[in-house]
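Below: the structure, in structure tokens.
Every chain is numbered from 1 and lettered A, B, ... according to where its sequence line falls, protein lines coming before strand lines.
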Protein chains: 4
Amino acid sequence: MPRIGMEPMRRKALISAAIEAIHDRGMGQVTMSEIARRAGVSPALAHHYFGGKDQLLLATMRHLLAELGDEIQARLAKARTPRDRVSAIIQGNFAGQFRPAVISSWLAFYVQAQTDPQARRLLHVYTRRLESNLLHALRELTSRDRAAEIAEVTAALIDGLWIRRSLAEVDPDPDDAAKLVERAVLDALRRGDA
Amino acid sequence: MPRIGMEPMRRKALISAAIEAIHDRGMGQVTMSEIARRAGVSPALAHHYFGGKDQLLLATMRHLLAELGDEIQARLAKARTPRDRVSAIIQGNFAGQFRPAVISSWLAFYVQAQTDPQARRLLHVYTRRLESNLLHALRELTSRDRAAEIAEVTAALIDGLWIRRSLAEVDPDPDDAAKLVERAVLDALRRGDA
Amino acid sequence: MPRIGMEPMRRKALISAAIEAIHDRGMGQVTMSEIARRAGVSPALAHHYFGGKDQLLLATMRHLLAELGDEIQARLAKARTPRDRVSAIIQGNFAGQFRPAVISSWLAFYVQAQTDPQARRLLHVYTRRLESNLLHALRELTSRDRAAEIAEVTAALIDGLWIRRSLAEVDPDPDDAAKLVERAVLDALRRGDA
Amino acid sequence: MPRIGMEPMRRKALISAAIEAIHDRGMGQVTMSEIARRAGVSPALAHHYFGGKDQLLLATMRHLLAELGDEIQARLAKARTPRDRVSAIIQGNFAGQFRPAVISSWLAFYVQAQTDPQARRLLHVYTRRLESNLLHALRELTSRDRAAEIAEVTAALIDGLWIRRSLAEVDPDPDDAAKLVERAVLDALRRGDA
DNA sequence: AATGAATGAGTTTTCATTCAT
DNA sequence: GATGAATGAAAACTCATTCAT
């Protein structure tokens with residue numbers, strides 16, 4: 001019994017289903033049928049809503065990027081000092097999405113971005129904004145060159161921890177990861193003082 | 001024109017072809033035909049030698065892991081001081097394989113490892129050995145706890161830089177990456193001194 | 001032009017097509033494409049409904065077994081005396097299915113049962129029920145031992161005639177075959193009287 | 001190290017291997033490689049000796065037919081009375097070949113004969129000779145019509161018992177089977193006396 | 001005589017996508 | 001709006017067969 005206003009709910013359900021399906025079956029093996037089954041709709045409907053598999057997966061990616069962006073922006077809005085802003089960015093990266101299913105999807109999108117220009121463009125936007133945010137905050141704490149280096153290290157460290165936690169047997173702890181990165185930033189900033 | 005003793009050559013050629021094909025098409029889209037075509041043989045032969053697509057891809061992964069391991073071991077053998085050994089590990093990680101095609105394959109294997117137990121096991125072995133090597137070297141430079149933390153940061157940083165370079169437009173520079181990591185390790189060790 | 005409720009029709013059509021295809025090409029050479037073509041559908045649909053070649057062939061076997069069972073049960077229901085019941089079983093075995101295409105399929109399933117446990121199990125059920133039915137009827141006409149022997153002879157004779165008719169140039173005559181078996185049973189029962 | 005005079009041995013080994021392979025894998029699944037592997041030679045050699053898979057399987061069939069013929073002829077040569085000759089034929093049919101692997105092959109050939117004219121022709125020769133032998137012996141014991149019927153029953157019974165034993169869990173007992181048939185023949189002959 | 005190397009042709013199987021209802 | 005029905009296209013995989021050595 002189709003009701004009006006179902007579309008947004010269906011779309012969300014399909015995106016969530018896609019994330020779970022990617023986690024369980026892997027990006028390469030995930031099928032429209034599998035995703036639709038998890039979302040409780042027919043494959044034909046999933047197709048109808050998103051226009052195709054590629055576009056459903058891109059929408060999923062866009063959703064994850066937006067969610068992560070929101071997480072960070074919410075924290076940045078509350079931050080008062082440059083150091084707070086650095087912490088906000090780091091903590092935002094280890095917030096809501098730091099779960100196995102989401103990590104799998106992120107990884108899958110990184111892979112996708114190797115060959116798919118659209119995926120690559122989306123990731124670039126996120127990457128650039130992350131580094132730019134970091135750079136601005138760090139720029140107030142150290143020299144331009146040091147800030148650039150520390151921003152790069154921080155971003156790489158965040159990505160690296162995501163990957164490594166994805167292989168860990170136990171569920172990842174966001175706080176541990178964030179603290180590790182924050183300490184590394186402090187270590188790097190201290191060098192500048194010397 | 002069959003000559004005897006071709007098997008090892010074909011296997012190597014197929015593994016190389018697989019790495020290139022994964023880079024160009026992505027793990028999910030790569031086909032046996034594509035790989036075989038690049039290696040200059042029929043798809044049937046690729047099957048014959050490896051038993052199937054999954055096994056060819058696992059063999060490729062094993063090859064990359066072994067190659068990386070050799071790279072590191074060769075440098076470790078020449079290292080004299082603990083600090084040299086840390087550098088050896090870091091530089092080994094950014095040596096021969098730090099090329100776009102190989103990076104793509106590594107990423108793909110990380111993704112594969114999310115769902116494929118065999119891939120996961122292979123990756124675990126590499127991960128554990130890397131951390132264990134780092135830990136032993138760092139243990140002689142600082143306390144047990146600090147060594148553990150620095151080892152984790154170093155490993156994550158290496159992985160993170162690999163990923164980030166995979167998205168960069170220009171070809172990655174191994175020396176830059178290695179220096180970045182080495183400086184981060186020094187920064188972290190310095191904290192211990194304080 | 002898809003209409004709803006097609007599945008049962010397609011399944012029946014595919015099973016019939018399988019029987020014809022097995023007759024024409026032989027169990028070993030029969031292909032899904034061939035079966036699907038005869039049923040007027042795509043190979044993909046045959047897969048969709050049955051899950052694979054093996055399962056389509058098993059479904060075909062199950063269909064033939066069920067049909068034969070029905071044939072016999074219908075006749076048994078009308079039989080009044082033990083001798084009628086023996087005749088019912090014999091005649092049921094030479095009824096509707098005693099056609100070249102079906103005979104080929106039966107033979108093929110006997111072969112299949114040599115190596116395929118599932119096919120073997122299915123055939124066992126039929127075999128046991130046939131002998132049990134015969135045994136019960138004969139038990140009222142002679143001693144336990146003689147009944148067992150006659151049941152075995154009857155069952156073997158039925159199978160043997162099926163096979164032999166499958167090689168005959170002309171189309172087999174069900175009545176001839178049934179009468180032959182019935183006379184053999186009478187001959188054997190008469191021995192008991194002596 | 002090829003030696004002279006190997007060919008006949010290889011051929012026999014391949015035919016034996018074919019029988020075993022058909023038993024284990026089924027006629028439909030049997031491959032040249034499988035047969036060659038069992039015979040300890042390369043698939044290419046099996047091909048070389050027999051000219052192809054079909055011909056190897058036909059040669060196997062010819063071998064089984066000849067062996068069965070020899071078995072019967074040897075017994076017929078010693079038989080003195082018509083009744084002895086009937087027994088000779090029956091017992092010959094349940095002699096050396098009454099083993100699971102051979103039974104599987106026979107069944108497979110019956111199936112093959114449904115669609116393959118060459119196999120059909122070979123089987124016809126055997127069938128006709130069996131019935132002709134039986135007919136001649138029976139002709140001296142009863143009327144022409146009764147002899148014809150009894151010959152048919154006997155032949156069908158033999159085939160039927162072969163099939164049924166092929167499905168039995170325990171290894172078949174040749175003597176039991178032969179006695180069953182002989183008693184059935186006696187029963188049928190007795191009817192003529194009445 | 002014998003085989004390792006290699007493949008073409010053909011099979012099953014999978015799946016995104018389409019479409020009539 | 002939603003779906004069951006259906007398929008084309010492409011994939012993995014198999015295997016008899018060929019051939020240079």
Can you find a side-chain donor-acceptor pair between B:Q114 and A:S166 that sits under 3.5 Å?
yes
Side chain proximity check, A:L64 to A:S105, heavy atoms < 4.5 angstrom
yes
Members of residues 111-119 of chain D that approach DNA chain F, where some heavy atom sits under 4.0 Å away
none
Just the rounded figure in Å: distance from [atom2] of [N] to [atom1] of [X].
| X | N | atom1 | atom2 | value |
| --- | --- | --- | --- | --- |
| C:F50 | E:dT14 | CZ | C1' | 18 Å |
| D:L45 | F:dT18 | CG | P | 15 Å |
| C:L14 | F:dT7 | CG | P | 10 Å |
| C:I4 | F:dA6 | CD1 | C1' | 15 Å |
| D:L57 | F:dC15 | CG | C1' | 14 Å |
| B:M6 | F:dT21 | CE | C1' | 13 Å |

Want to settle it: does A:P43 or D:S42 sit nearer the 5' end of DNA chain E, counting the closest nucleotide to each?
D:S42
ring-ring contact (aromatic ring centres under 6.0 Å, His included) partners for B:Y126, two or more places apart:
B:W106
Residues which pass ring-ring contact (aromatic ring centres under 6.0 Å, His included) with C:Y49, listed by chain and number, not counting sequence neighbours:
none
Return the set of residues passing salt bridge (charged side-chain N to carboxylate O under 4.0 Å, His left out) with [X] (not counting sequence neighbours), or none when no residue passes.
| X | value |
| --- | --- |
| D:R25 | D:E34 |
| B:D24 | B:R38 |
| D:R62 | none |
| B:E67 | none |

Pairing residues for D:A101 by the side-chain contact (heavy atoms from CB on, under 4.5 Å) criterion, not counting sequence neighbours
D:I19, D:E20, D:H23
A:H124: partners by side-chain contact (heavy atoms from CB on, under 4.5 Å), with sequence neighbours left out
A:R120, A:R128, B:E169
On the nucleotide F:dA2, are OP1 or OP2 found under 4.0 Å from the side-chain N or O atoms that A:R10 carries?
yes
With sugar-phosphate meaning primed atoms plus P, OP1 and OP2, does A:H48 contact a base, only sugar-phosphate, or nothing at under 4.0 Å between heavy atoms?
sugar-phosphate
Residue met sooner reading DNA chain F from 5', once C:Y49 and B:G52 are mapped to nucleotides:
C:Y49
Which listed nucleotide (E:dT3, F:dT17, F:dT14) is nearest to the side chain of B:H47?
F:dT14
Among F:dT3, E:dT7, E:dA1, which nucleotide sits nearest the side chain of A:V41?
F:dT3
Protein-nucleic acid N or O pairs under 3.5 Å, nucleotides 9-11 of chain F:
none

Strand DNA chain E as a dot-bracket string - pairs counted if Watson-Crick or G-U with both distances under 3.5 Å, | where the partner lies in another strand
.||||||||||||||||||||
What salt bridge (Lys or Arg N to Asp or Glu O under 4.0 Å) pairs are there with at least one residue in residues 4-17 of chain C, not counting sequence neighbours?
C:E7-C:R11
